[in-house]
Protein chains: 2
Amino acid sequence: MDSSQLLKGVLDLAVLAVLAERDSYGYDVVRRLREAGLEDVGDASVYGTLRRLFKAGALTSYVVASDEGPHRKYYGLNDVGRSLLQTSAKTWTSFAATMNDLLKEVDPG
Amino acid sequence: MDSSQLLKGVLDLAVLAVLAERDSYGYDVVRRLREAGLEDVGDASVYGTLRRLFKAGALTSYVVASDEGPHRKYYGLNDVGRSLLQTSAKTWTSFAATMNDLLKEVDPG
DNA sequence: GGCTCTACTGCGCAATGCGTAGTACTGTGC
DNA sequence: GCACAGTACTACGCATTGCGCAGTAGAGCC
C-alpha cells in the first residue's frame, strides 16, 4: 500500500497537532512533521493544508521578517482550531482503535 | 474532521482483513465492516475496492448461487493478497504509532 | 554571477470514497 | 398478479486532498 494515501484526512490533524505545541510557519511545519516520522510528507501538501485550515477559520496568521531568507507566514491555533484539534483527535483515536481491532486477528504470528 | 476521509488508503486494508478471516462477497463485507465499527462505510466504496483488489491480482473470485436473492460473487485472498495484507498492516501500524506519538502531547487532560 | 538554503504560491494530476441510479432475483402481503 | 422490501451487484460522475513541478524571491557564500 502506498503510504501516502494514509495521510488523507489525517494531515489536517497532524498539522493542528504541531501548531498546538507552538506557532509555526509552513517550512518549519514540514520539517517538524518529517522529524516526527512523517518523512514522506510533501511540502505542497502542508502549505495547502495550512491555507485550507486558515480559510476554514481554524488558524490565525501573521507575517514575520526573517534573517535567513524571505518573510515567514506564521500560523497559530485559535479557538476554532483548538476545538477542531480535540474532536479530530478523538475521531482519529477511535478510528485507529477500530482498525487495530480488525487487524489483531490477522497477526501472522 | 469528516471521518470518511480517514478511510482513504485504509479501506483496502480493512477489506483484506475481513477476507483473511474467511471468503466473502460484497454485500457481506459491507455488513462485517459496519459491525466491526466502520459504520459509515459506503457500499459502492467496498464494491469498488473489491474490484480494484481483484484487478490488482490480490483476490480470487467465484460466483455462488443464493437462496435468498441474486447470485453472490465471492472473493478470497490469494498469496499476493495475503502478502499485501501483511505489509499493509505493518505500514498502517507504524503510521498509527507515529500519529499517536504526535497526538499524545495534545491530550487535553 | 551562479549556487544553495530558505520560504511561499499556483497549476494540474491522480487516487479513492461516496451518492445516486439502475438492474435483477426472492419472498411476503394484499 | 402486483407492489414492496431485502439481497446483491454495476456504472457514472463528483469531491476531497495529497503530490509533482514550475515559478518567484530574499540572504549568504564562493
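We name chains A, B, ... by the order of the sequence lines, and we start the count at 1 in each one. Worth knowing before you read on, the calculation uses all heavy atoms, side chains too, and leaves out hydrogens, waters and symmetry mates.
With D:dG18, C:dG17, C:dT20 as the choices, the nucleotide that has an atom nearest any side-chain atom of A:Arg52 turns out to be D:dG18. Relative to the side chain of A:Tyr47, the nucleotides D:dA8, C:dC8, C:dC18 differ in distance, and C:dC8 lies closest.
Between the CZ atom of B:Arg51 and the P atom of C:dG17 there is a distance of 13 Å, rounded to whole Å. Atom pair A:Tyr75:OH and C:dT9:C1' shows a separation of 10 Å (rounding to whole Å applied). Residue B:Leu6 contributes atom CG, which lies 16 Å from atom P of C:dT16 at whole-angstrom precision. We find that CG of A:Leu11 is positioned 19 Å from P of C:dA15, with the value rounded to whole Å. Atom CD of A:Glu39 and atom P of D:dG18 are 18 Å apart (whole Å). Going from atom CZ of B:Arg72 over to atom P of D:dA8 covers 4 Å, rounded to whole Å.
Of all the heavy atoms in A:Gln5 and B:Gly9, the pair that sits closest is CB-CA, 3.7 Å. Shown here for A:Arg22 and A:Asp28, the closest heavy-atom pair between the two residues is NH2-OD2, 4.0 Å.
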Quick test: give all pairs of protein nitrogen or oxygen and nucleotides 26-30 of chain D nitrogen or oxygen below 3.5 Å, distance rounded to 0.1 Å.
residue : atom : partner : partner atom : Å
D:dA27  : O3'  : A:Asp67 : O            : 3.3

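The ring pair (Phe, Tyr, Trp, His ring centres under 6.0 Å) check on B:Tyr62 picks up B:Tyr74, with sequence neighbours excluded.
Panel note: side chain B:Arg34, backbone B:Val41; a donor-acceptor pair is recorded below 3.5 Å. At distances below 3.5 Å, not a single donor-acceptor pair connects side-chain atoms of B:Ser88 with backbone N or O atoms of B:Leu85.
A heavy atom lying under 4.0 Å from DNA chain C marks the following residues of residues 22-34 of chain A, by number: A:Tyr25, A:Gly26, A:Tyr27, A:Arg31.
Contact annotation: B:Thr49 does not reach the phosphate of C:dT16 (side-chain N/O to OP1 or OP2, under 4.0 Å).
In terms of hydrophobic clustering, with Ile, Leu, Val, Met, Phe, Trp and Tyr side chains grouped at heavy-atom distances under 4.5 Å, A:Val46 and A:Tyr27 are assigned to different clusters.
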